[in-house]
Amino acid sequence: MAVVVKATPLTFVVHALAVACAVMVLVWCIHFRGGLAWEATNKSLIFNIHPVLMLIGFIILGGEAIVSYKSLPFKKEVKKVIHLVLHAVALILGIVGIWAAFKFHNESSILNLYSLHSWLGIGIIVLYGLQWIYGFVTFFYPGGSSSLRADSLPWHVLFGIFVYSLAIANAAIGFLEKLTFLESAGLDKVGAEAYLVNFTAIATVLFGAFVLLTVYAQKDQEPEEDYSSYSAI
(Lines give C-alpha, C1' and ligand atoms only; values in the text may rest on other atoms or scores of the structure.)
Protein backbone atom coordinates (compact mmCIF):
# COMPACT_ATOMS: atom_id res chain seq x y z
CA MET A 1 0.00 0.00 0.00
CA ALA A 2 1.41 3.37 -1.04
CA VAL A 3 2.18 5.91 1.66
CA VAL A 4 0.65 9.32 0.99
CA VAL A 5 2.66 12.21 2.40
CA LYS A 6 0.67 15.35 3.07
CA ALA A 7 2.24 18.73 2.33
CA THR A 8 0.95 20.73 5.30
CA PRO A 9 3.01 18.99 8.04
CA LEU A 10 6.10 19.27 5.86
CA THR A 11 5.61 23.00 5.32
CA PHE A 12 5.41 23.50 9.09
CA VAL A 13 8.80 21.80 9.40
CA VAL A 14 10.17 23.96 6.58
CA HIS A 15 9.09 27.17 8.33
CA ALA A 16 10.50 26.02 11.69
CA LEU A 17 13.84 25.11 10.14
CA ALA A 18 13.89 28.44 8.30
CA VAL A 19 13.60 30.30 11.61
CA ALA A 20 16.26 28.10 13.21
CA CYS A 21 18.69 28.64 10.32
CA ALA A 22 18.13 32.40 10.30
CA VAL A 23 18.67 32.70 14.05
CA MET A 24 21.82 30.58 14.02
CA VAL A 25 23.50 32.40 11.14
CA LEU A 26 22.70 35.78 12.73
CA VAL A 27 24.06 34.65 16.11
CA TRP A 28 27.19 33.40 14.41
CA CYS A 29 27.85 36.53 12.34
CA ILE A 30 26.80 39.10 14.92
CA HIS A 31 27.72 37.53 18.28
CA PHE A 32 30.76 35.44 17.35
CA ARG A 33 32.04 37.29 14.27
CA GLY A 34 31.43 40.89 15.40
CA GLY A 35 28.53 42.08 13.26
CA LEU A 36 27.77 43.22 9.72
CA ALA A 37 29.04 46.28 7.83
CA TRP A 38 29.36 47.31 4.20
CA GLU A 39 32.21 49.72 5.01
CA ALA A 40 34.61 48.89 7.86
CA THR A 41 38.27 48.79 8.75
CA ASN A 42 37.65 45.26 9.98
CA LYS A 43 37.04 43.64 6.61
CA SER A 44 35.60 40.51 8.21
CA LEU A 45 32.46 42.51 8.96
CA ILE A 46 31.99 42.94 5.21
CA PHE A 47 32.34 39.21 4.66
CA ASN A 48 29.72 38.50 7.33
CA ILE A 49 27.10 39.95 4.99
CA HIS A 50 27.77 37.05 2.63
CA PRO A 51 26.59 34.08 4.76
CA VAL A 52 23.63 36.05 6.13
CA LEU A 53 22.30 37.06 2.71
CA MET A 54 23.10 33.75 1.05
CA LEU A 55 21.33 31.74 3.74
CA ILE A 56 18.42 34.00 4.68
CA GLY A 57 18.05 35.83 1.39
CA PHE A 58 18.88 33.14 -1.14
CA ILE A 59 18.38 29.70 0.45
CA ILE A 60 15.51 30.42 2.83
CA LEU A 61 13.51 32.81 0.65
CA GLY A 62 14.14 30.55 -2.33
CA GLY A 63 12.84 27.60 -0.35
CA GLU A 64 9.79 29.52 0.84
CA ALA A 65 9.10 30.47 -2.78
CA ILE A 66 9.11 26.80 -3.70
CA VAL A 67 6.74 25.71 -0.92
CA SER A 68 4.45 28.71 -1.37
CA TYR A 69 2.27 26.67 -3.71
CA LYS A 70 1.66 24.16 -0.95
CA SER A 71 1.70 26.35 2.16
CA LEU A 72 -0.46 29.37 1.25
CA PRO A 73 -4.28 29.21 1.21
CA PHE A 74 -4.69 31.45 -1.84
CA LYS A 75 -5.82 30.99 -5.41
CA LYS A 76 -3.32 29.62 -7.89
CA GLU A 77 -2.76 32.95 -9.67
CA VAL A 78 -2.02 34.73 -6.39
CA LYS A 79 0.40 32.02 -5.34
CA LYS A 80 2.09 32.27 -8.73
CA VAL A 81 2.82 35.97 -8.12
CA ILE A 82 4.08 35.30 -4.59
CA HIS A 83 6.26 32.48 -5.93
CA LEU A 84 7.69 34.77 -8.61
CA VAL A 85 8.32 37.70 -6.26
CA LEU A 86 9.98 35.59 -3.56
CA HIS A 87 12.31 34.04 -6.11
CA ALA A 88 13.14 37.50 -7.48
CA VAL A 89 13.98 38.81 -4.00
CA ALA A 90 16.04 35.68 -3.30
CA LEU A 91 17.96 36.20 -6.55
CA ILE A 92 18.65 39.87 -5.81
CA LEU A 93 19.81 39.20 -2.25
CA GLY A 94 21.94 36.31 -3.51
CA ILE A 95 23.66 38.62 -5.99
CA VAL A 96 24.30 41.19 -3.24
CA GLY A 97 25.63 38.41 -1.01
CA ILE A 98 28.10 37.32 -3.69
CA TRP A 99 29.06 40.95 -4.26
CA ALA A 100 29.85 41.23 -0.54
CA ALA A 101 32.25 38.28 -0.81
CA PHE A 102 34.01 39.91 -3.79
CA LYS A 103 34.19 43.23 -1.91
CA PHE A 104 35.73 41.51 1.11
CA HIS A 105 38.31 39.74 -1.05
CA ASN A 106 39.21 42.85 -3.04
CA GLU A 107 39.63 45.05 0.04
CA SER A 108 41.60 42.34 1.83
CA SER A 109 43.85 41.60 -1.17
CA ILE A 110 42.55 38.03 -1.40
CA LEU A 111 42.30 36.23 -4.73
CA ASN A 112 38.77 35.82 -6.10
CA LEU A 113 37.24 32.63 -7.49
CA TYR A 114 39.91 30.22 -6.32
CA SER A 115 37.69 27.66 -4.57
CA LEU A 116 35.08 25.08 -5.56
CA HIS A 117 32.56 26.96 -3.41
CA SER A 118 33.07 30.17 -5.38
CA TRP A 119 32.95 28.44 -8.77
CA LEU A 120 29.73 26.64 -7.90
CA GLY A 121 28.29 29.82 -6.41
CA ILE A 122 28.70 31.78 -9.64
CA GLY A 123 27.26 28.94 -11.69
CA ILE A 124 24.28 28.51 -9.37
CA ILE A 125 23.34 32.20 -9.33
CA VAL A 126 23.51 32.29 -13.15
CA LEU A 127 21.33 29.17 -13.49
CA TYR A 128 18.91 30.53 -10.89
CA GLY A 129 18.61 33.77 -12.86
CA LEU A 130 18.01 31.93 -16.13
CA GLN A 131 15.38 29.76 -14.45
CA TRP A 132 13.59 32.85 -13.13
CA ILE A 133 13.65 34.60 -16.51
CA TYR A 134 12.31 31.54 -18.31
CA GLY A 135 9.59 31.05 -15.70
CA PHE A 136 8.58 34.71 -15.91
CA VAL A 137 8.36 34.73 -19.71
CA THR A 138 6.69 31.33 -20.05
CA PHE A 139 4.31 31.20 -17.08
CA PHE A 140 3.68 34.86 -16.27
CA TYR A 141 4.33 37.54 -18.93
CA PRO A 142 3.82 37.51 -21.83
CA GLY A 143 3.14 33.84 -21.19
CA GLY A 144 3.53 30.93 -23.54
CA SER A 145 0.80 28.91 -25.17
CA SER A 146 -1.02 26.34 -23.06
CA SER A 147 0.86 23.54 -24.80
CA LEU A 148 4.21 25.23 -24.19
CA ARG A 149 3.41 25.73 -20.52
CA ALA A 150 2.29 22.13 -20.16
CA ASP A 151 5.43 20.83 -21.89
CA SER A 152 7.71 23.20 -19.94
CA LEU A 153 6.31 22.58 -16.47
CA PRO A 154 7.98 19.21 -15.76
CA TRP A 155 11.34 20.54 -16.98
CA HIS A 156 10.85 23.78 -15.05
CA VAL A 157 10.28 21.74 -11.89
CA LEU A 158 13.18 19.38 -12.55
CA PHE A 159 15.63 22.17 -13.36
CA GLY A 160 14.48 24.14 -10.32
CA ILE A 161 15.05 21.15 -8.05
CA PHE A 162 18.49 20.64 -9.59
CA VAL A 163 19.56 24.26 -9.08
CA TYR A 164 18.14 24.46 -5.56
CA SER A 165 19.83 21.18 -4.58
CA LEU A 166 23.12 22.59 -5.84
CA ALA A 167 22.54 25.73 -3.77
CA ILE A 168 22.00 23.68 -0.60
CA ALA A 169 25.09 21.57 -1.27
CA ASN A 170 27.19 24.66 -1.96
CA ALA A 171 25.97 26.32 1.24
CA ALA A 172 27.23 23.29 3.19
CA ILE A 173 30.56 23.51 1.36
CA GLY A 174 30.72 27.22 2.22
CA PHE A 175 30.19 26.61 5.93
CA LEU A 176 32.88 23.91 5.88
CA GLU A 177 35.31 26.15 3.99
CA LYS A 178 34.88 29.10 6.34
CA LEU A 179 35.07 26.95 9.47
CA THR A 180 38.25 25.32 8.15
CA PHE A 181 39.82 28.76 7.64
CA LEU A 182 38.80 29.84 11.15
CA GLU A 183 40.12 26.68 12.75
CA SER A 184 43.40 27.06 10.84
CA ALA A 185 43.62 30.56 12.33
CA GLY A 186 43.21 29.21 15.86
CA LEU A 187 39.50 28.74 16.46
CA ASP A 188 38.76 26.00 18.99
CA LYS A 189 37.62 22.98 16.98
CA VAL A 190 35.33 21.83 19.78
CA GLY A 191 34.26 25.29 20.93
CA ALA A 192 30.79 26.86 20.86
CA GLU A 193 31.34 28.69 17.55
CA ALA A 194 32.53 25.59 15.72
CA TYR A 195 29.52 23.63 16.93
CA LEU A 196 27.20 26.49 15.96
CA VAL A 197 28.56 26.60 12.40
CA ASN A 198 28.21 22.84 12.01
CA PHE A 199 24.67 22.82 13.39
CA THR A 200 23.76 25.70 11.07
CA ALA A 201 25.03 23.69 8.11
CA ILE A 202 23.07 20.62 9.22
CA ALA A 203 19.90 22.68 9.70
CA THR A 204 20.39 24.17 6.22
CA VAL A 205 20.65 20.72 4.65
CA LEU A 206 17.53 19.57 6.52
CA PHE A 207 15.69 22.71 5.42
CA GLY A 208 16.53 22.00 1.80
CA ALA A 209 15.53 18.35 2.15
CA PHE A 210 12.09 19.23 3.53
CA VAL A 211 11.59 21.87 0.85
CA LEU A 212 12.20 19.25 -1.83
CA LEU A 213 9.97 16.71 -0.06
CA THR A 214 7.20 19.30 -0.03
CA VAL A 215 7.41 19.65 -3.80
CA TYR A 216 6.24 16.06 -4.23
CA ALA A 217 3.88 15.88 -1.26
CA GLN A 218 0.13 15.80 -1.77
CA LYS A 219 -1.64 19.03 -1.04
CA ASP A 220 -4.51 18.60 1.41
CA GLN A 221 -7.93 18.53 -0.21
CA GLU A 222 -6.60 19.50 -3.64
CA PRO A 223 -8.35 18.11 -6.74
CA GLU A 224 -6.27 15.45 -8.47
CA GLU A 225 -6.02 17.39 -11.73
CA ASP A 226 -4.42 20.36 -9.97
CA TYR A 227 -1.55 18.54 -8.29
CA SER A 228 1.04 19.19 -10.98
CA SER A 229 0.23 22.90 -11.14
CA TYR A 230 1.23 23.32 -7.51
CA SER A 231 4.60 21.67 -7.99
CA ALA A 232 6.15 24.38 -10.14
CA ILE A 233 9.42 25.84 -8.91
Side-chain angles (χ1 to χ4, degrees), residues 14-65 85-126 128-129 164 166-189 191-208 211:
V14 168
H15 300 326
L17 286 170
V19 173
C21 289
V23 170
M24 285 191 287
V25 76
L26 287 172
V27 170
W28 176 40
C29 291
I30 295 175
H31 176 70
F32 285 99
R33 294 287 97 203
L36 314 172
W38 193 253
E39 298 291 342
T41 53
N42 180 1
K43 303 306 178 184
S44 294
L45 302 186
I46 299 173
F47 175 82
N48 292 344
I49 296 173
H50 176 71
V52 169
L53 288 187
M54 298 314 295
L55 182 52
I56 297 178
F58 191 59
I59 298 292
I60 292 179
L61 284 184
E64 292 290 349
V85 170
L86 285 177
H87 271 312
V89 174
L91 178 61
I92 292 169
L93 292 180
I95 292 171
V96 175
I98 290 176
W99 187 9
F102 275 93
K103 180 178 172 63
F104 164 71
H105 281 195
N106 292 337
E107 295 188 11
S108 303
S109 299
I110 299 173
L111 186 67
N112 286 307
L113 298 175
Y114 62 86
S115 67
L116 175 63
H117 174 67
S118 61
W119 293 359
L120 286 175
I122 294 298
I124 289 165
I125 206 74
V126 170
Y128 198 100
Y164 192 72
L166 282 179
I168 295 295
N170 201 39
I173 293 173
F175 282 119
L176 174 62
E177 181 181 280
K178 182 62 176 178
L179 184 57
T180 301
F181 289 156
L182 292 174
E183 290 175 346
S184 297
L187 182 72
D188 186 356
K189 295 182 179 180
E193 183 176 354
Y195 280 120
L196 176 62
V197 175
N198 282 330
F199 277 119
T200 305
I202 291 171
T204 301
V205 172
L206 289 174
F207 173 79
V211 166

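What's counted below: heavy atoms across the whole structure, side chains too, no hydrogens, waters or symmetry copies.
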[X] (side chain) donor-acceptor with [Y] (main chain) under 3.5 angstrom:
| X | Y | result |
| --- | --- | --- |
| N170 | I124 | no |
| W28 | E193 | no |
| N48 | L36 | no |

Does any part of the side chain of [Y], heavy atoms only, come nearer than 4.5 Å to the side chain of [X], both counted from C-beta?
| X | Y | value |
| --- | --- | --- |
| L113 | W119 | yes |
| E177 | S115 | yes |
| M24 | F199 | yes |
| I46 | E107 | yes |
| L91 | I125 | yes |
| I98 | M54 | yes |
| K103 | E39 | yes |
| T200 | L55 | yes |

Once rounded to the nearest 0.5 Å, what's the spacing between atom [atom1] of [X] and atom [atom2] of [Y]?
| X | Y | atom1 | atom2 | answer |
| --- | --- | --- | --- | --- |
| E183 | K178 | CD | NZ | 12.0 Å |
| I30 | L45 | CD1 | CG | 11.0 Å |
| I173 | I168 | CD1 | CD1 | 12.0 Å |
| H31 | L26 | NE2 | CG | 13.0 Å |
| F175 | L196 | CZ | CG | 9.0 Å |
| H15 | L17 | NE2 | CG | 11.0 Å |

Considering all heavy atoms of both residues, which atom of [X] and which atom of [Y] are nearest to each other, and what is their separation?
| X | Y | value |
| --- | --- | --- |
| C21 | F207 | SG-CB, 4.4 Å |
| A18 | I60 | O-CD1, 3.4 Å |
| K189 | A194 | O-CB, 3.5 Å |
| A90 | G62 | CB-N, 3.8 Å |

Does W38 CH2 have over 12 foreign heavy atoms under 6.0 Å away? yes
Under the side chain to side chain contact (heavy atoms under 4.5 Å, CB included) criterion, do I56 and L93 qualify, and how do the steps go? CA-CA 9 Å; I56 297 178; L93 292 180; over 6 Å; no
Assess whether side chain to side chain contact (heavy atoms under 4.5 Å, CB included) is satisfied between R33 and L182, documenting all intermediate values. CA-CA 11 Å; R33 294 287 97 203; L182 292 174; 3.4 Å; yes
Describe, in one word, how the ring planes of F58 and Y128 are oriented to each other, choosing from parallel (under 30°), tilted (30 to 60°) and perpendicular (over 60°).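 It falls in the tilted class, 30° to 60°.
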May I ask you to decide if the ring planes of Y114 and F181 are parallel, tilted or perpendicular, using 30° and 60° as cut-offs? tilted
